[in-house]
Amino acid sequence: MQRQKQQKRVGLKPLPNAIEGKVILRFAPNPNGPLTIGHSRGVVINSEFAKMYSGKVVLRYDDTDTRVKPPLPEAYGWIEEEYEWIAGRPADIIIRASERMPIYLEYAKQMLESGFGYVCRCSAGEFKDLRDNSQPCPCRGKNTENNLSDWQSMNDGSIEEGGAVVRVKTDLELPNPALRDWPALRIQHSPHPMVGDLYKVWPLLDFQSAIEDHLQGVTHIVRGKDLMDSTRKQTLLYNHFGWKYPEPLYWGRVKVHEFGGFSTSGMKVDIADGKFEGWDDPRLPTISALKRRGFESKAIRDFWLDLGLTQKDISISMQTIESFNSSVIDSVCERRTFVRNPRNMSLNMDEIEHPDELQIARHPHGEIEGVREWTISDEFVIEDRDYSEKLRLKDFADVLIKENQAIVNSLQRSDKRTIVHWLPINQSRMARLTTPLGTEFRIDEGLIENIDLVEGEILQLERVGFAKIEKVPENGPVELLFLHG
RNA sequence: GCUCGUGUAGUGUAGUUCGGUCCAUCAUGACGGGUUCUCGAUCCGUCGACCCGGGUUCAAAUCCCGGCACGAGCACCA
């Protein structure tokens, strides 16, 4: 077989057993908060596969838990918007598990009637002890009639939470104890934020998700490898129903150096405690925060696609995402001058003939047309850290510095002295640059070039980095949010 | 402990199905240089890896055996 000259694969590997136009994938977040960087991998990979095969993605809310990770009503809308932002197109089908409860309960009943499920009234601890020794629990041998009557009691609320669970019968000799007679539905008496206390019995993920995948005709499931046991449990259930399980694919665990893992519930607590301003706090690894800071969705897509789909546990750096972002935004961001920690200087132009105005390109390579027009005044600022004897004021002149006075000696570049950014006072206004740094913020006060400052726009501050204009108030400093270098 | 999964440069990744064309791809990073009146962009160069030990073979990143490391699951969470 002929081998290609070694080359990096482009795009995702083909999906096994995929038929053009027939592929159905799903993305199933818990709506207990907005999406994080971690979720964006799922959105990107699934939507990309759908694109490759002209298939569909089902956005499904697996919101069947009312106690441990209850849904946040606002999150449903957020997630739909964020999905569309990341993928560049909306999900094809949207489903809420909490609205489809009658279906799951019907399948559960069918399972009891067909004899491959049973109502177990053992405590979790008792069951675990038996299970670990491959022993059946006493409830396992109950007949259909008894199971259905227990099922009735579960649903009418006469059994308390924790008093019973519906299990799927499996081979008790299965090597992996976790798979033996796994629980499919449990009792929850606490009301659901969306549908209230209509139901007393709620399916667990492994059951609900399995039924729903079948109903939606899902052909490929891409999920975290922590859910491998879920695949195995669900395959057992599919065998009972006589269904064919979708093609599963997995990715490994992802950490970001700068953030660690992504815990939606952890963030929720920290926001409630006032540690963060909200879900879009720039220090958070949420999609809303990235969007607010000025990341482009294309950069996020490029990044995940470049990583591909591997089962390796990885720890990535924001630097990599930032470099993808730079290549997306660099050619479309105007340049501006922002002087941090300004040092006041006076300009001495006696010795040389000079223009009164300067025209500086809005972008150095002309991707953006036009110029910034500066009127040169006697007073100007440079960054304090740049202060030195000989400097080149960018786009203007070589100067000799003496006691905060800059004497212009040449408009032409005469040697290799350092080029610094500078700003005539009459051209400036106050600004604050906020940089997220771990769990803190760094604030740089300074002066920004007062030309066409539009809220929401991303600029490249020369010799500083990319930043977003968050606010241009009538009075007071312009608010800038640092994006990356 | 049990079950499952994964090990390629600092970080990611290609190549592993079917052994050779792999002194191992690409990106990111670091360093150096060209260019550009930004510490940005761009171009060029350099650095740096097949987890370990055996085995099979003319030939192993790739196949086999044995270790080791890391991660996940073992919830009436998702």
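The chains referred to below are lettered A, B, ... by the order of the sequence lines, with proteins before strands, and numbering in each begins at 1.
- Within the nucleic acid shown, A:Arg60 has no heavy atom closer than 4.0 Å to any nucleic acid atom.
- Note on A:Arg413: every side-chain N or O is 4.0 Å or more away from OP1 and OP2 of B:rU38.
- Atom CH2 of A:Trp304 sits about 4.5 Å away from atom CD1 of A:Ile316, to the nearest 0.5 Å.
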Quick one: which protein N/O atoms are closer than 3.5 Å to N/O atoms of nucleotides 39-42 of chain B? Pair and distance per line, please.
residue : atom : partner  : partner atom : Å
B:rC39  : N4   : A:Arg463 : NH1          : 2.9
B:rG40  : O2'  : A:Asp330 : OD1          : 3.1
B:rG40  : O2'  : A:Gln460 : NE2          : 2.6
B:rG40  : N2   : A:His365 : NE2          : 2.5

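- Residue A:Arg67 qualifies as open at atom CZ: its count of foreign heavy atoms under 6.0 Å is 12 or below.
- Residue A:Ser323 places its side chain closer to B:rG29 than to any other of B:rU11, B:rC77, B:rG29.
- Ring-plane geometry between A:Trp422 and A:Phe396 is classed as parallel, the angle between the planes falling under 30 degrees on a 0 to 90 degree scale with a further cut at 60.
- In this structure, A:Arg167 satisfies the cation-pi test against A:Phe127, with its NZ or CZ atom closer than 6.0 Å to the six-membered ring centre and inside 45 degrees of the ring normal.
- The aromatic rings of A:Phe295 and A:His484 sit tilted, their planes meeting at an angle between 30° and 60°.
- Residue A:Leu204 is classed as a sugar-phosphate contact, given heavy-atom separations below 4.0 Å to backbone atoms only.
- Taking the side chain of A:Phe324 as heavy atoms from C-beta on, and the options B:rA78, B:rU28, B:rA27, the nearest nucleotide is B:rA27.
- Comparing B:rC74, B:rU6, B:rA72 by their nearest atom to the side chain of A:Gln311 picks out B:rU6.
- Among the heavy atoms of the strands lying under 4.0 Å from A:Gly162 is at least one base atom, whether or not backbone atoms are also near.
- Taking atom CH2 of A:Trp251 as the reference point, atom P of B:rG73 lies 16 Å away to the nearest angstrom.
- A:Thr337 comes within contact range of no nucleotide atom at all, as no heavy-atom separation falls under 4.0 Å.
- Within the nucleic acid shown, A:Leu205 comes within 4.0 Å of at least one base atom, counting heavy atoms only.
- Residue contacts for A:Ser230: at a heavy-atom cut-off of 4.0 Å it reaches no nucleic acid atom on any strand shown.
- Other residues, nucleotides and ligands contribute only 12 or fewer heavy atoms inside 6.0 Å of the NZ atom of A:Lys298.
- Base engagement by A:Ser123 is indicated by at least one non-hydrogen atom pair under 4.0 Å involving a base atom.
- A salt bridge between A:Glu449 and A:Lys394 is absent, with no side-chain N of the basic residue lying under 4.0 Å from a carboxylate O of the acidic one.
- In this structure, A:Lys255 reaches neither bases nor backbone, as no heavy-atom distance under 4.0 Å exists between it and the strands shown.
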